Protein chains: 2
Amino acid sequence: MSDDRRKFKRESAEARKEALILATLELVAENGVRGATVRGIAERADVTQGLIRHYFSSKEELIIAAYEHHMTAMTDQTFAPAAGADGTALERLTAFVNASLTPPVVDPRSIALWASFLNKVQQDEQMKATHERTYGYFRDFLEGLIAAALQEAGCPAGASRLRQLAIACNAVIDGLWLEGGALPDAFAPGELAGIGRQSVAAITGLNLEQEAATA
Amino acid sequence: MSDDRRKFKRESAEARKEALILATLELVAENGVRGATVRGIAERADVTQGLIRHYFSSKEELIIAAYEHHMTAMTDQTFAPAAGADGTALERLTAFVNASLTPPVVDPRSIALWASFLNKVQQDEQMKATHERTYGYFRDFLEGLIAAALQEAGCPAGASRLRQLAIACNAVIDGLWLEGGALPDAFAPGELAGIGRQSVAAITGLNLEQEAATA
DNA sequence: CCAGTAATTATGCAAGCGTATAATTTCTCC
DNA sequence: GGAGAAATTATACGCTTGCATAATTACTGG
């Protein structure tokens with residue numbers, strides 16, 4: 001009948017790698033990088049530990065792959081809503097703030113991952129490069145949005161002031177992202193994004209108080 | 001002559017505990033909680049590993065003691081400059097922002113410690129309590145300063161708005177603290193505090209642009 | 001100055017770690 | 001349908017870990 005006596009099923013390299021990476025991210029978020037053991041990851045992915053070595057030449061390599069996977073997912077989630085060239089610069093800035101401060105970007109698991117990876121990022125050159133590239137991309141993108149919105153509003157700013165505005169707005173967004181992830185129940189849905197829009201508005205002098213129109 | 005044949009020196013319980021805690025914080029900042037091994041800590045404190053068990057009944061207990069030590073040091077450094085009742089509320093708010101965004105509060109090691117402890121904090125009840133108490137104290141204190149400064153300026157705010165302002169200002173400070181600690185060379189001395197003052201000013205509508213007068 | 005006691009070191013143990021390699025099992029192709 | 005190849009499991013090794021306990025060493029009080 002339905003009792004399948006097979007002891008395992010073969011999967012494509014892609015599917016297996018992804019499953020292992022997802023299991024790794026779960027355990028890293030829960031127990032940190034060192035707490036994410038090869039045996040634990042294998043169990044979470046429903047395979048035996050030997051298989052990990054078949055797809056990744058070391059635990060280090062798996063960790064790096066997982067980190068890159070996570071960073072890509074985060075940037076995709078953040079940038080997609082604001083990447084469309086349609087709409088005014090102000091609308092795109094608003095969409096960016098909103099996306100950065102609502103799920104799935106705001107999420108306890110993301111905070112935990114960010115914290116867990118921090119040590120490794122500071123020590124491993126490859127991870128450091130990934131981190132700085134992502135971070136720089138984020139801030140430059142934000143600075144570009146602010147510049148365009150200010151231009152649009154008829155009050156363009158110099159390079160020095162633009163840099164300061166981007167640093168400040170980036171900081172509010174980061175800080176709110178952190179608070180929302182660390183204390184998920186302390187804020188009503190949408191409250192964080194609302195405070196974010198108001199703060200960015202106050203700092204830049206722009207008016208992005210209203211919710212972004214959904215496309 | 002000066003060749004002291006003694007194999008070790010006895011120290012007071014206080015001094016030994018503090019030395020062990022400081023060694024623990026160093027290693028936790030460098031390698032995370034799991035990477036701070038009993039043997040590593042003992043070596044860093046120039047003792048043998050057995051001594052740790054003599055002063056702390058387990059590694060867990062040492063970690064908790066180290067966390068509490070660190071949190072106390074952080075709050076002391078942050079609150080001391082603004083705790084003096086002298087000066088206007090605006091001056092105290094300014095001093096608070098400055099203290100939060102200059103060394104030794106802004107420090108790569110603090111960020112590393114914060115990240116390393118995060119996992120443990122979310123799992124251990126005692127550490128969680130310490131964390132929430134510290135965090136709540138920080139935000140309530142900031143909210144009080146903002147309330148007093150607004151009152152002083154003749155434009156008091158309601159409870160709901162006050163809460164939002166405190167959340168937003170707390171977020172900017174946290175975000176800048178994070179950026180300054182993660183990228184210590186990206187900012188000129190005092191630049192972070194300057195951006196912090198400007199941002200808090202923009203968000204609250206207060207005017208704390210000038211540096212705080214030193215007492 | 002010398003015994004007693006507490007601090008400190010020295011040694012050992014069981015469990016868990018990452019990694020390596022051999023033994024199986026599943027699938028594909030002719 | 002059976003042989004070859006690749007995926008997966010099974011087993012083992014050396015090392016590190018936290019913890020326990022015994023053996024030393026340094027200090028103190030009479």
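Throughout, protein chains are lettered first and strands after them, A, B, ... in sequence-line order, and every chain is numbered starting at 1. For clarity, every value in this text was computed on a predicted model and none was experimentally measured.
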Quick one: are [X] and [Y] in side-chain contact, heavy atoms under 4.5 Å?
X	Y	answer
A:Gln122	A:Lys128	no
A:Ile195	A:Ser199	yes
B:Thr134	B:Phe138	no

Nearest-angstrom distance from the residue atom [atom1] of [X] to [atom2] of [N]:
X	N	atom1	atom2	value
A:Phe56	D:dA7	CZ	P	14 Å
A:Leu51	C:dT26	CG	C1'	13 Å
A:Phe8	C:dA23	CZ	P	16 Å
B:Ile52	D:dA20	CD1	P	14 Å
A:Lys59	C:dG16	NZ	P	16 Å
B:His54	D:dT24	NE2	P	18 Å
A:Leu27	C:dC17	CG	P	11 Å
B:Lys9	C:dA6	NZ	C1'	16 Å

Against the six-membered ring of A:Tyr67, is A:Lys120 placed for a cation-pi contact (under 6.0 Å from the centre, within 45° of the normal)? no

Examine [N]: is either OP1 or OP2 under 4.0 Å from a nitrogen or oxygen in the side chain of [X]? Give yes or no.
X	N	value
B:Arg6	D:dC27	yes
B:Arg39	D:dC19	no
A:Lys7	C:dT25	yes
B:Tyr55	C:dA7	no

Side chain of [X], heavy atoms from C-beta onward: which of [options] has the nearest atom to it?
X	options	answer
A:Ser58	D:dT9, C:dA7, C:dT19	C:dT19
B:Gln49	C:dG12, C:dG18, C:dT9	C:dG12
A:Thr48	D:dT9, D:dT17, D:dA20	D:dT9
A:Arg16	D:dT8, D:dA26, D:dA12	D:dT8

Describe the nucleic acid contact of A:Glu11 in one word from base, sugar-phosphate, nothing, applying a heavy-atom distance below 4.0 Å. sugar-phosphate

With sequence neighbours excluded, residues passing side chain to side chain donor-acceptor pair (under 3.5 Å) with B:Tyr135: A:Glu179, B:Asn170

Map B:Arg10 and B:Gly50 onto DNA chain D by nearest heavy atom, then report which one ends up closer to the 5' terminus. B:Gly50

